[in-house]
There are 2 protein chains.
Amino acid sequence: MTTIKDIAKIAGVSVATVSRVINESGYVNVDTRKKVEEAINVMNYSPNEVARSLYKRKSKLIGLLLPDITNPFFPQLARGVEDLLQENGYRLIFGNSDENEDKELDYIRTFVQNNVIGVISSTNFPDSDTYHKLKIPIVFLDRTSNESPSVYADGREGGRIAAREIILRGSKRITILQGPAHIKPAQDRFQGAIEVLEELGMTYDVIQTSSFSYGEAGKWAKELFDKHTDTDGVIASNDIVATAILQEAHRLGKAVPQDVQIIGYDDTPLSSLLSPSLSTIRQPAYDMGREAAGLLIRLIEQDKVEDSIIQLPVSFVERETTRTII
Amino acid sequence: MTTIKDIAKIAGVSVATVSRVINESGYVNVDTRKKVEEAINVMNYSPNEVARSLYKRKSKLIGLLLPDITNPFFPQLARGVEDLLQENGYRLIFGNSDENEDKELDYIRTFVQNNVIGVISSTNFPDSDTYHKLKIPIVFLDRTSNESPSVYADGREGGRIAAREIILRGSKRITILQGPAHIKPAQDRFQGAIEVLEELGMTYDVIQTSSFSYGEAGKWAKELFDKHTDTDGVIASNDIVATAILQEAHRLGKAVPQDVQIIGYDDTPLSSLLSPSLSTIRQPAYDMGREAAGLLIRLIEQDKVEDSIIQLPVSFVERETTRTII
DNA sequence: TTGTATGCGTTATCAT
DNA sequence: ATGATAACGCATACAA
């Protein structure tokens with residue numbers, strides 16, 4: 001590996017001078033600058049970020065913690081984060097937490113050990129000690145905590161919209177899937193929907209679920225139609241579950257949306273590809289990722305940051321699993 | 001931040017001794033070890049990986065380069081990689097290349113700048129200078145290059161299977177989608193299919209495509225049924241494109257699989273959720289990721305590694321877009 | 001305008 | 001069995 005020393009030798013200057021031209025700091029004569037740049041090009045030199053990081057006590061690395069990149073909602077988030085960071089010269093250390101606190105702590109620790117300059121986390125434990133003690137900027141993504149910087153979509157409103165739309169389109173006996181208890185955004189959207197259901201005096205049933213995995217979704221779907229045969233509207237906790245419901249309805253010979261309406265949540269790419277395509281509440285995942293990255297960069301680079309809590313709007317995406325308004 | 005110096009002071013020993021207990025290297029008295037461990041626990045100390053990395057000239061970081069995490073095939077790969085690496089104490093620096101060589105080089109450079117100890121890459125340019133000059137182990141994932149370590153599924157065989165199965169199930173006028181020219185695995189599967197088509201003397205048409213994106217897939221679907229009205233079997237370049245074909249067939253009122261059979265490629269989670277669910281060629285993505293990580297670790301930790309080219313089997317997954325064998 | 005020297009936190013060598 | 005110290009590659013304070 002070629003080091004700053006090699007460059008200095010080749011250019012016939014001291015390492016300090018080389019450092020100056022690299023970092024455009026301090027004075028340096030035009031001619032010597034040229035010599036140095038020449039040497040840098042010839043050797044195809046680029047500075048060792050590890051040494052820099054050690055000296056400055058901070059790197060260009062940012063830690064990203066997501067529950068599970070295999071859940072189609074998260075790649076979009078990740079991509080948004082990565083794009084903006086990359087454009088700004090930052091790089092990503094990435095980990096899946098599986099909503100598991102231990103795994104999460106382990107990652108946070110190695111983030112710190114690697115001098116990451118900030119972290120973006122979709123955690124279920126934003127109030128844990130680990131986060132409070134962190135001395136680097138952190139933004140919670142798709143999660144919130146008090147006054148902490150965070151980027152999320154309005155889950156409660158999303159739930160309200162879902163309930164309103166499905167009622168508006170004529171469902172009378174609604175079943176609502178309650179997402180995993182430990183996942184805050186899932187509870188928010190559930191609460192929002194319940195509110196509207198109550199306000200409008202609708203009769204409804206609730207099915208508890210404990211994960212968002214493809215594997216288990218089918219189970220809830222079966223349970224739903226098993227327990228609540230006369231359901232004519234389903235508010236699912238996310239698109240994955242909604243898809244399973246749709247499949248099960250299909251299997252049972254129920255017509256969607258004529259017999260049962262279904263509303264998903266997230267608007268993952270999947271939802272537009274189903275037949276019938278899935279009506280859903282859209283979260284602007286890619287934008288959320290970008291916003292989170294932007295916020296983190298501001299937190300890192302500026303002294304004072306306003307608007308460190310960013311709430312993005314959700315919206316109803318009308319597709320084919322809901323009827324058209326009469 | 002608490003450093004090894006702090007621990008040394010608290011434990012009343014030298015930094016050398018602390019280092020010894022941390023790394024379990026050299027002799028250290030049981031009692032002093034206890035004192036040191038005590039201090040480490042009290043201070044919740046963990047060593048600065050950056051300093052370690054600087055001294056040792058290598059980190060515990062591994063670079064992972066994927067085309068686009070937003071394409072549902074790649075999260076599975078990524079997850080496989082991450083799981084195995086994480087279990088072995090390695091961490092991931094992650095980047096999307098968008099199949100763009102410049103972006104890729106940029107990432108490889110920053111990988112090196114950060115002393116990554118190995119790289120896993122799904123690149124279209126495995127023979128580029130950058131990779132040849134890399135002095136750290138690299139494994140190509142879902143890609144191959146000569147004798148270089150790599151993990152991939154047998155694309156040619158996958159293509160052959162797809163063609164065989166669709167013919168076996170009665171399609172006579174097959175249209176085959178040729179994936180992006182610059183993506184090697186896409187061409188492999190295409191070649192494999194063509195071989196069988198030729199061998200069996202089938203008539204077939206080819207549609208060129210230039211990306212795997214959701215956005216453009218619909219375009220090719222339209223083109224396909226537009227140009228080749230009498231097609232009764234479609235071999236798609238991957239599940240995304242197959243899904244678009246399925247949608248378009250549906251829109252045109254063609255019955256699947258009665259009028260048209262469709263075979264996808266990859267077996268992304270998506271494919272089992274469609275209606276009709278998608279028959280496809282399965283690539284064991286998660287396992288490929290794990291294998292790649294395992295191979296890389298062997299490359300890193302062992303002097304000599306056999307079987308550094310790992311080919312995983314593909315298989316036909318029979319679902320509802322193909323007819324049952326007569 | 002440039003160079004020398006120091007320290008970032010760690011590991012390893014060499015004494016003791 | 002333990003400690004003092006050089007070195008990893010870089011950026012900066014200070015001298016010149």
Side-chain angles (χ1 to χ4, degrees), chain A residues 1-37 39-40 43-61 89 109-117 135-136, chain B residues 1-37 39-40 43-61 89 109-117 135-136:
Chain A
M1 197 186 46
T2 119
T3 75
I4 198 173
K5 246 182 185 165
D6 302 324
I7 302 298
K9 190 171 295 176
I10 295 174
V13 298
S14 76
V15 295
T17 302
V18 177
S19 180
R20 284 189 198 99
V21 349
I22 293 174
N23 298 291
E24 309 186 54
S25 63
Y27 301 94
V28 37
N29 185 296
V30 212
D31 293 336
T32 69
R33 150 164 295 130
K34 220 168 275 175
K35 280 191 300 183
V36 171
E37 284 169 345
I40 290 180
M43 300 301 293
N44 190 21
Y45 164 80
S46 48
N48 181 319
E49 285 295 338
V50 176
R52 280 185 163 172
S53 171
L54 181 59
Y55 179 84
K56 300 188 141 192
R57 291 206 194 77
K58 54 189 179 188
S59 68
K60 303 286 271 179
L61 298 173
R109 177 151 34 81
T110 73
F111 287 169
V112 173
Q113 288 181 294
N114 284 282
N115 283 5
V116 302
I117 195 180
K135 293 191 193 64
I136 50 179
Chain B
M1 199 186 46
T2 120
T3 76
I4 198 174
K5 249 183 184 166
D6 303 324
I7 303 299
K9 189 171 297 177
I10 295 175
V13 299
S14 76
V15 295
T17 301
V18 177
S19 180
R20 283 191 197 99
V21 349
I22 292 174
N23 299 290
E24 310 186 53
S25 62
Y27 300 93
V28 37
N29 186 296
V30 213
D31 293 336
T32 70
R33 149 164 295 128
K34 221 168 273 175
K35 278 191 302 183
V36 171
E37 284 169 344
I40 290 179
M43 302 300 294
N44 190 20
Y45 163 80
S46 49
N48 181 320
E49 285 295 338
V50 175
R52 279 185 164 172
S53 172
L54 180 61
Y55 181 85
K56 299 189 144 189
R57 292 208 198 74
K58 54 189 180 187
S59 67
K60 302 287 270 180
L61 298 174
R109 178 151 34 80
T110 73
F111 287 168
V112 172
Q113 288 180 294
N114 283 283
N115 283 3
V116 301
I117 195 179
K135 293 191 192 66
I136 49 178

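First the proteins, then the strands, lettered A, B, ... as listed; each starts at 1.
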Chi angles and distances behind the side-chain contact (heavy atoms from CB on, under 4.5 Å) call for B:Ile40, B:Ile22: CA-CA 9 Å; B:Ile40 290 179; B:Ile22 292 174; 4.1 Å; yes

A:Ile117 versus A:Leu61: any side-chain heavy-atom pair under 4.5 Å? no

Which residues, if any, of residues 20-35 of chain A bring a heavy atom under 4.0 Å of DNA chain C? A:Arg20, A:Tyr27, A:Val28, A:Asn29, A:Thr32

Are A:Arg33 and A:Glu37 packed together at the side-chain level, in the sense that at least one heavy-atom pair is separated by less than 4.5 angstrom? yes

Rounded distance in Å - NZ (B:Lys9) to P (D:dT2): 20 Å

Does any non-hydrogen side-chain atom of B:Pro47 lie less than 4.5 Å from one of A:Gln113? yes

In whole Å, what is the span from the CD atom of B:Gln113 to the C1' atom of D:dG9? 12 Å

Could you give the CD1-to-C1' distance, from A:Ile4 to C:dG7, as a whole number of Å? 15 Å

Non-hydrogen side-chain atoms of B:Tyr45 and B:Ile4 separated by less than 4.5 Å: yes

Going by an N to O cut-off under 4.0 Å, is there a salt bridge joining B:Glu49 and B:Arg52? yes

Within this structure, what is the CG-to-P distance between A:Asn115 and C:dG9, rounded to whole angstrom? 9 Å

Taking C-beta and beyond as the side chain, do B:Lys58 and B:Ser53 meet within less than 4.5 Å on heavy atoms? no

Of A:Arg57 and A:Ser14, the one whose nearest nucleotide on DNA chain C sits closer to the 5' end is A:Ser14

For D:dC10, does OP1 or OP2 lie under 4.0 Å from any side-chain N or O of A:Ser19? no

Contacts of A:Lys56 and A:Met1 projected onto DNA chain D by closest heavy atom; the upstream (5') one is A:Met1

Round to a whole Å and report the spacing from NZ of B:Lys58 to P of C:dA12. 10 Å

Under 3.5 Å, is there a donor on one side chain and an acceptor on the other for A:Thr110 and A:Asn114? no

In residues 46-55 of chain A, which residues come under 4.0 Å of DNA chain D by heavy atom? A:Pro47, A:Asn48, A:Ala51, A:Arg52, A:Tyr55

From the list C:dT11, D:dC8, D:dA13, which nucleotide is the closest neighbour of the side chain of A:Ala16? D:dA13

Pair B:Ser59-A:Val50, side-chain contact (heavy atoms from CB on, under 4.5 Å): steps then yes or no: CA-CA 9 Å; B:Ser59 67; A:Val50 176; 5.9 Å; no

Scan B:Thr17 against the nucleic acid and name what it touches under 4.0 Å (heavy atoms): base, sugar-phosphate only, or nothing. sugar-phosphate

